[in-house]
Each structure stands twice: as structure tokens, then as C-alpha cells.
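Convention: sequence-line order gives letters A, B, ...; per-chain numbering from 1.
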Amino acid sequence: MSGSSSEQLLEFFEALLAAYGPQHWWPGQTPTEIVVGALLTQNTNWKNVERAIARLRQADLLDWRRLHEIESDRLAEVIRPAGSYNVKARRLKNFVVWLFDRFDGRLEALAEMPIEEARAALLTVNGVGRETADAILLYALGRPVFVVDAYTARVLWRHRLIDDDAGYDQIKEFLESALPVSAALFNEYHALLVEVGKRHCRPRPQCEGCPLERFEHHATATGRSAAAADDS
DNA sequence: GACCAGGCACATC
DNA sequence: GATGTGCATGGT
């Protein structure tokens, strides 16, 4: 066996960063745009989300007040390239209405309260699940929360760092307790896990050339998708 | 033509 | 509490 989980996770991070470099997820974008992107990217290719965001910008809709005012049907038409546009228009509206009702349209309010409180508040919004809530906290608000997704779970399971039945919150807590608490680190690490996951850790793994190939791992991967279960 | 993508809510067992 | 399904576009 090699060292502790903490050491192993840091070694993985170094290996991934050396191989792929910084991923620059959500660089230079406004918190508003990041929140919108987090909602639009649900089960959707990022390229399609970029198209939808470009259309929103074109329509001058990357603004909470404008989003609050617009009709859901018209919003759906604008974000069409993101797919599932009727559902996503509803979710965007849910979020914006909630933001005005509860925080007077001030996203910053979420940066001013304890993390767990902000997370619990976000989770009350219909359309905001754990991954989206955590993406908002980390990428839009710079709070040190680890975003777990299907790739995160699969990569960590393949390298024997988590059980195959670990739930979302369990994986999140494992990462947050094993790593230095740093938004910058969590940001980069999550993006790197997605990158290595896409290239090498699909349900059918392609280990050749994987930056993590030299580390211990299961010979085969299951088709395990994400952190499905609740673990409270 | 399948299969996938930076999920989630809801129904059903 | 686990599993299945609809949402829907655009790339490979």
C-alpha cells in the first residue's frame, strides 16, 4: 500500500496537473453567468451551453433582473441549444424568483452566510441538486466546496479511494477532509478529474496513456454512474 | 443510428 | 431507499 488518502490525492492532483495543465473552468466570467451555466450544463455537453449563453448575452439576459422579468417561454427559446430547454427555463426562473424572494436578487448574500447554510438554501430550489449547488458555491462564489460528479466517483473508485456504494455527500466529505481546504485547489482538481474521466475513465476504461495509470487501480470498471444514493 | 454530455425531479416498486 | 424515466440539443 502507498501512503494516506491525503498523500495519494495530492499525488493524483500533481500528476493530472502535470499532464493537462490548469483547466480554467469558468475563467473571467461573472457569478451570474456561472450560475446560469451551472443550471444549463445539467446532463449537457458544455459546447451547447456556451451557445445558449452566447444567445443570452446577445439578448442582454445575463442579468438577474432581466431574467426575472422575462417570460419562461421566451427564455426557453433563447436557451434552446442547451437542450431540455423547457425544463431548464423553468429551473432558471425558479432560481431567479427564489433569489429575489429570499435575497432581494443579491447573489452575494450566499457568500455572506455559513457554507452549510448557503448549501441548504440552494438545495430548496427546484432544479438545484447537490452537484449544481456545489458548483455554484465553488465556481460562482469561491467557497471551498468539492464538486462531485460521475467522473469523480468513477476515478476515485477505480483507484480504490472510495467504495463503489459511496454516496454523493460521502465522497464530498472524504475529499474535503483529506485535502487542504482551498477553493482554488477544489476548483482545479474537479476540472482535472472531469478531464481524465472523459479521456480514460468512461464506463469502459481506456487506460493507455492515462496520467494515473501508474497508480494502483481496479483492472476493470463497473458501469457505476454517479453518487446516486442519499447518505444522510 | 446509437451514444454521450460538467443532473434533476418525479413516479414507482 | 433504490431504481427507472423524461427532458432534448448537437457532436462523435
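- At C:dA8, one or more side-chain N or O atoms of A:N86 fall inside 4.0 Å of OP1 or OP2 (strictly under the cut-off).
- The side chain of A:Y85 contributes an N or O atom lying less than 4.0 Å from OP1 or OP2 of C:dT9.
- By the 30° and 60° cut-offs, the orientation of the rings of A:H190 relative to A:Y139 is tilted.
- The aromatic ring of A:Y151 is not stacked on the base of B:dG6, since the criterion of ring centres less than 5.5 Å apart with planes inclined by under 30° is not met.
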Self-check item: Pair A:F146-A:I171, side chain to side chain contact (heavy atoms under 4.5 Å, CB included): steps then yes or no
Solution: CA-CA 9 Å; A:F146 208 107; A:I171 298 171; over 6 Å; no

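- Evaluation of atom-type donor-acceptor distances gives a pair under 3.5 Å for the side chain of A:R91 against the base of B:dC8.
- Remark: ring of A:W25 overlaps the six-membered base ring of B:dG6 in a stacked fashion, centroids less than 5.5 Å apart, planes less than 30° apart.
- Residue A:R51 is classed as a sugar-phosphate contact, given heavy-atom separations below 4.0 Å to backbone atoms only.
- Among the atoms of the strands shown, none is found under 4.0 Å from any heavy atom of A:V49.
- Listed pair A:N43 / C:dG6 fails the phosphate criterion, with no side-chain N or O lying under 4.0 Å from OP1 or OP2.
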Practice problem: Evaluate salt bridge (Lys or Arg N to Asp or Glu O under 4.0 Å) for A:R74 paired with A:E77, printing each intermediate quantity in order. | Solution: CA-CA 5 Å; A:R74 195 170 112 61; A:E77 190 46 45; over 6 Å; no

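- Under 4.0 angstrom from either OP1 or OP2 of B:dA5 there lies no side-chain N or O belonging to A:K47.
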